[in-house]
2 protein chains.
Amino acid sequence: MEHRIEKIKKQLHSHSYKLTPQREATVRVLLEREDDHLSAEDVYLLVKEKSPEIGLATVYRTLELLSELKIVDKINFGDGVSRYDLRKEGAKHFHHHLVCIECGSVEEIENDLLGEVEQIVENDWGFEVKDHRLTFHGICRQCQKSAVEEDVQKATQ
Amino acid sequence: MEHRIEKIKKQLHSHSYKLTPQREATVRVLLEREDDHLSAEDVYLLVKEKSPEIGLATVYRTLELLSELKIVDKINFGDGVSRYDLRKEGAKHFHHHLVCIECGSVEEIENDLLGEVEQIVENDWGFEVKDHRLTFHGICRQCQKSAVEEDVQKATQ
DNA sequence: CTAGTTGCAAAACGTTTGCAAAGGA
DNA sequence: TCCTTTGCAAACGTTTTGCAACTAG
């Protein structure tokens with residue numbers, strides 16, 4: 001935790017940005033909720049719990065900054081809000097997401113599924129791949145189970 | 001062209017929607033600019049050229065409707081606007097995009113690159129895949145060439 | 001000290017909605 | 001006829017910006 005804050009501090013300094021208390025508080029929230037996909041508003045509310053003086057604009061500016069420095073990834077699942085996701089240490093590529101169209105849950109996949117596919121794109125289309133976004137839309141394990149249970153219930157009524 | 005309009009007319013009718021002149025004009029723009037990735041505003045301005053009375057809200061409502069009927073795909077490259085893309089005939093899966101981070105151009109890929117990857121997701125994560133979005137960010141062929149030319153120019157100065 | 005940063009409020013942006021009028025089936 | 005659809009303008013929710021005050025390095 002602390003060493004990741006230190007590292008981010010250095011990254012900021014190397015671009016002559018400062019690690020202000022507001023920025024640190026924001027980063028801490030992102031670290032604590034690393035597995036979630038928080039919107040700016042979500043982050044704002046969580047930061048506000050511990051640092052009530054912070055403004056929403058500052059959170060937006062901090063997230064934008066972290067995004068530029070590639071410390072966080074800004075993602076968009078098409079629901080009208082941007083979400084922010086701390087990059088895992090040493091992750092050279094963006095991870096993938098499984099978005100459930102029933103319950104809206106988002107699961108992360110870390111595996112590099114696209115190595116081969118990227119090669120095809122580079123070779124066949126002459127496109128120099130720098131990053132990718134892959135999202136699957138479908139039905140999560142939990143909702144599949146619920147659907148089966150509902151069917152059983154219906155059948156035994 | 002005409003037969004695709006007819007087909008869309010039937011799809012609308014089968015859900016008891018009408019093919020109004022405004023909707024037809026919108027669809028015609030999408031057909032004419034099939035390879036582009038137009039925003040609602042883009043579509044609006046293009047439709048307005050031939051049907052100046054149309055309102056922006058109508059374009060939004062039409063695009064939303066076509067999206068529900070899966071006649072168009074609504075996509076989001078993370079720049080704050082939704083883009084709308086006519087589905088190719090018989091395309092069962094969403095196509096992929098190559099977005100150039102230099103010039104902003106968007107190229108489409110039709111190949112089904114993800115069959116194997118989808119199998120992995122279904123088997124290893126128990127996630128029932130319904131659709132996917134795959135976007136590569138990188139440098140297009142044209143911009144790679146430009147970069148090389150600039151280097152040559154610099155070297156021979 | 002001073003360039004970078006903040007909070008606030010207002011503005012901007014893309015998108016949606018309420019409503020009365022218009023128009024297709 | 002009836003019910004869908006339209007254009008307009010106002011409302012909406014998210015994000016950005018201008019500015020004077022403040023502060024980390």
Side-chain angles (χ1 to χ4, degrees), chain A residues 5-6 8-27 29 37-69 71-84, chain B residues 5-6 8-27 29 37-69 71-84:
Chain A
I5 301 253
E6 267 313 305
I8 289 168
K9 186 173 182 174
K10 277 177 194 153
Q11 288 177 270
L12 286 170
H13 285 176
S14 77
H15 294 264
S16 40
Y17 295 121
K18 299 167 185 170
L19 182 64
T20 63
Q22 290 91 334
R23 285 180 182 161
E24 185 171 335
T26 304
V27 169
V29 163
H37 300 77
L38 304 173
S39 67
E41 182 92 35
D42 293 338
V43 175
Y44 172 60
L45 292 174
L46 288 166
V47 176
K48 224 167 157 43
E49 286 176 12
K50 296 192 175 165
S51 313
E53 1 52 70
I54 203 168
L56 178 56
T58 302
V59 172
Y60 269 103
R61 284 186 279 230
T62 301
L63 292 172
E64 180 60 33
L65 178 60
L66 295 174
S67 184
E68 267 168 34
L69 298 183
I71 295 168
V72 309
D73 286 312
K74 186 176 180 178
I75 33 175
N76 201 308
F77 295 132
D79 59 349
V81 290
S82 292
R83 297 174 181 282
Y84 300 85
Chain B
I5 301 252
E6 267 313 305
I8 290 168
K9 186 172 182 175
K10 278 178 195 154
Q11 288 177 272
L12 287 170
H13 285 176
S14 78
H15 293 264
S16 39
Y17 294 121
K18 299 166 187 172
L19 181 64
T20 62
Q22 290 91 334
R23 286 180 183 162
E24 185 172 336
T26 305
V27 169
V29 163
H37 300 78
L38 303 173
S39 68
E41 183 92 36
D42 294 338
V43 175
Y44 171 61
L45 292 173
L46 288 165
V47 175
K48 225 169 158 39
E49 286 176 12
K50 296 193 176 166
S51 315
E53 6 45 76
I54 202 168
L56 178 57
T58 301
V59 171
Y60 269 103
R61 283 187 280 231
T62 300
L63 292 171
E64 180 59 32
L65 178 60
L66 295 174
S67 184
E68 269 167 32
L69 297 183
I71 295 167
V72 309
D73 285 312
K74 186 175 180 178
I75 33 176
N76 202 307
F77 294 133
D79 59 348
V81 290
S82 293
R83 297 174 181 282
Y84 299 86

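Side chains are part of it too, since the values below use all heavy atoms of this structure and drop only hydrogens, waters and symmetry mates. Letters A, B, ... mirror the listed sequences (proteins, then strands); counts begin at 1.
- One distance of note links NE2 of B/H13 with NZ of B/K10; it measures 10.5 Å at 0.5 Å rounding.
- For the residue pair A/A25 and A/V47, the shortest heavy atom distance occurs at CB-CG1, 3.9 Å.
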Subject >> Derivation and outcome, side chain to side chain contact (heavy atoms under 4.5 Å, CB included), residues A/H15 and A/L65 >> reply: CA-CA 11 Å; A/H15 294 264; A/L65 178 60; over 6 Å; no
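- Note that the CG atom of A/L19 and the CD1 atom of A/I8 stand 8.5 Å from one another [nearest 0.5 Å].
- Taking the screw axis at each terminus of the helix from C/dC1-D/dG25 to C/dA25-D/dT1 from five consecutive base pairs, the angle between the two is 40° to within rounding of 10 degrees.
- Remark: A/E53 pairs with A/S51 by the side chain to side chain contact (heavy atoms under 4.5 Å, CB included) rule, at least two apart or across chains.
- Although no hydrogens or angles enter the test, the distance criterion places no donor-acceptor pair under 3.5 Å between the side chain of B/R83 and the main chain of B/F77.
- Interatomic distance, CG of B/L46 versus CD1 of B/I54, reported as 11.5 Å (0.5 Å rounding).
- Using a 4.5 Å cut-off on side-chain heavy atoms (C-beta onward), B/D42 and B/V29 make no contact.
- Contacts between residues 12-23 of chain A and DNA chain C, counted as heavy-atom distances below 4.0 Å, involve A/Y17, A/K18, A/T20, A/Q22, A/R23.
- Taken from CD1 in A/I75 to CG in B/N76, the straight-line distance is 12.0 Å, to the nearest 0.5 Å.
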**OP:** Could you give me the CA-CA distance, side-chain angles and deciding distance for B/K74 and B/L63, then say whether side chain to side chain contact (heavy atoms under 4.5 Å, CB included) is met?
**Re:** CA-CA 8 Å; B/K74 186 175 180 178; B/L63 292 171; over 6 Å; no
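- Using a 4.0 Å cutoff on non-hydrogen atoms, the parts of residues 74-81 of chain A near DNA chain D are A/G80, A/V81, ordered by number.
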**OP:** Please step through side chain to side chain contact (heavy atoms under 4.5 Å, CB included) for the pair A/V81 and A/E41, ending with a clear verdict.
**Re:** CA-CA 9 Å; A/V81 290; A/E41 182 92 35; over 6 Å; no
Original post:
After noting the C-alpha distance and the side-chain angles of A/R23 and A/T26, does the key distance pass the side chain to side chain contact (heavy atoms under 4.5 Å, CB included) rule?
Top reply: CA-CA 5 Å; A/R23 285 180 182 161; A/T26 304; 5.6 Å; no
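- Within the nucleic acid shown, A/S82 comes within 4.0 Å of sugar-phosphate atoms alone, with no base atom in reach, counting heavy atoms only.
- Nucleotides of DNA chain D lying under 4.0 Å from heavy atoms of chain A occupy a range whose first and last members, 5' to 3', are D/dT14 to D/dG25.
- Counting only heavy atoms from C-beta outward, the side chains of B/E24 and B/I5 approach each other to under 4.5 Å.
- Here B/T62 contributes atom OG1 and B/Y44 contributes atom OH; the two are 13.0 Å apart, rounded to the nearest 0.5 Å.
- Taking every heavy atom of residues 47-63 of chain B and every atom of DNA chain C, pairs under 4.0 Å involve B/L56, B/A57, B/Y60, B/R61, by number.
- Contact detail for A/L12 and A/K18: the closest heavy-atom pair is CD1-O, 4.0 Å.
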